[in-house]
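One structure is given here, and the rest of the page talks about it.
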Amino acid sequence: MLPPRWFVRSAWVAHKLLLRVTSDRGLHPPTPERCGILRLHTVGRRSGEPRAVVLCYIEDEGRLVTLAMNGWDPADPAWWLNLKARPSATVDTAGGPRAVSASRATGAERDRLWAYLHSVKGYGDLEESSARRGRETAVVVLTPEASN
């Protein structure tokens with residue numbers, strides 16, 4: 001059973017606040033056993049205002065990979081909708097900030113990344129949780145943009 005929506009949102013707010021007051025010490029790189037934590041900065045697709053969200057991620061060939069999940073709610077998270085409208089974004093990681101471009105993994109690449117995510121702590125039972133959504137969860141790939 002999933003926790004109530006208000007609890008999930010409160011946990012997200014608390015996590016963002018904790019990162020802010022600890023000067024981002026909670027951001028950490030992924031390990032083979034555990035997902036990393038990053039902060040993603042997007043621009044609101046309707047408001048044009050800056051937005052930030054804390055996400056669990058893995059690395060794959062220099063790219064950062066996460067799931068477009070909204071506490072396993074059927075709706076896509078706002079940050080993913082923002083990225084679909086404007087794929088350029090910035091991430092804060094333990095190694096510092098970097099510019100990225102977002103895309104959705106498809107086909108064999110999605111299958112490979114989904115299988116890898118199964119082995120990483122932090123995501124739980126993906127099959128059971130994603131079944132609750134009633135539709136496929138997007139695997140989001142954040143590719144570093146070339147420095148000018």
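Every value quoted in this text rests on a predicted model; they were computed, and no experiment measured them.
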Side-chain heavy-atom pair Thr137, Trp114 within 4.5 angstrom cut-off: yes

Rounded distance [0.5 Å steps], CH2 in Trp80 versus CG in Leu67: 11.0 Å

Side-chain touch Ile58/Leu117, heavy atoms, less than 4.5 angstrom: yes

Set of salt bridge (charged side-chain N to carboxylate O under 4.0 Å, His left out) partners for Arg104, sequence neighbours left out: Glu136

Partners meeting salt bridge (charged side-chain N to carboxylate O under 4.0 Å, His left out) with Glu59 (sequence neighbours left out): none

ILVMFWY network linking Val43 to Leu142, side-chain heavy atoms under 4.5 angstrom: no

By side-chain hydrogen bond (donor to acceptor under 3.5 Å, both in side chains) - contacts of Ser88 (at least two apart): Glu145

Check: Leu55 and Ile37 side chains under 4.5 Å, non-hydrogen atoms: no

Donor-acceptor list for residues 93-101 side chains, cut-off 3.5 Å, not counting sequence neighbours:
residue, atom, partner, partner atom, Å
Thr93, OG1, Gly95, N, 3.2
Thr93, OG1, Gly96, O, 3.0

With sequence neighbours excluded, residues passing side chain to side chain contact (heavy atoms under 4.5 Å, CB included) with Thr106: none

Non-hydrogen side-chain atoms of Leu38 and Val54 separated by less than 4.5 Å: no

Over all atoms of both residues, closest heavy-atom pair of Arg86 and Gly44: NH1-O, 2.7 Å

Pairing residues for Arg45 by the salt bridge (charged side-chain N to carboxylate O under 4.0 Å, His left out) criterion, not counting sequence neighbours: none

Shortest non-hydrogen contact from Cys56 toward Thr66: O-OG1, 2.7 Å

Residue list, salt bridge (charged side-chain N to carboxylate O under 4.0 Å, His left out) with Arg112, at least two apart or on another chain: Asp60

Val53 reachable from Tyr57 in the ILVMFWY side-chain graph, under 4.5 Å edges: yes

Intermediate values then yes/no, side chain to side chain contact (heavy atoms under 4.5 Å, CB included), Lys84 and Asp76: CA-CA 11 Å; Lys84 289 198 290 187; Asp76 282 334; 3.8 Å; yes

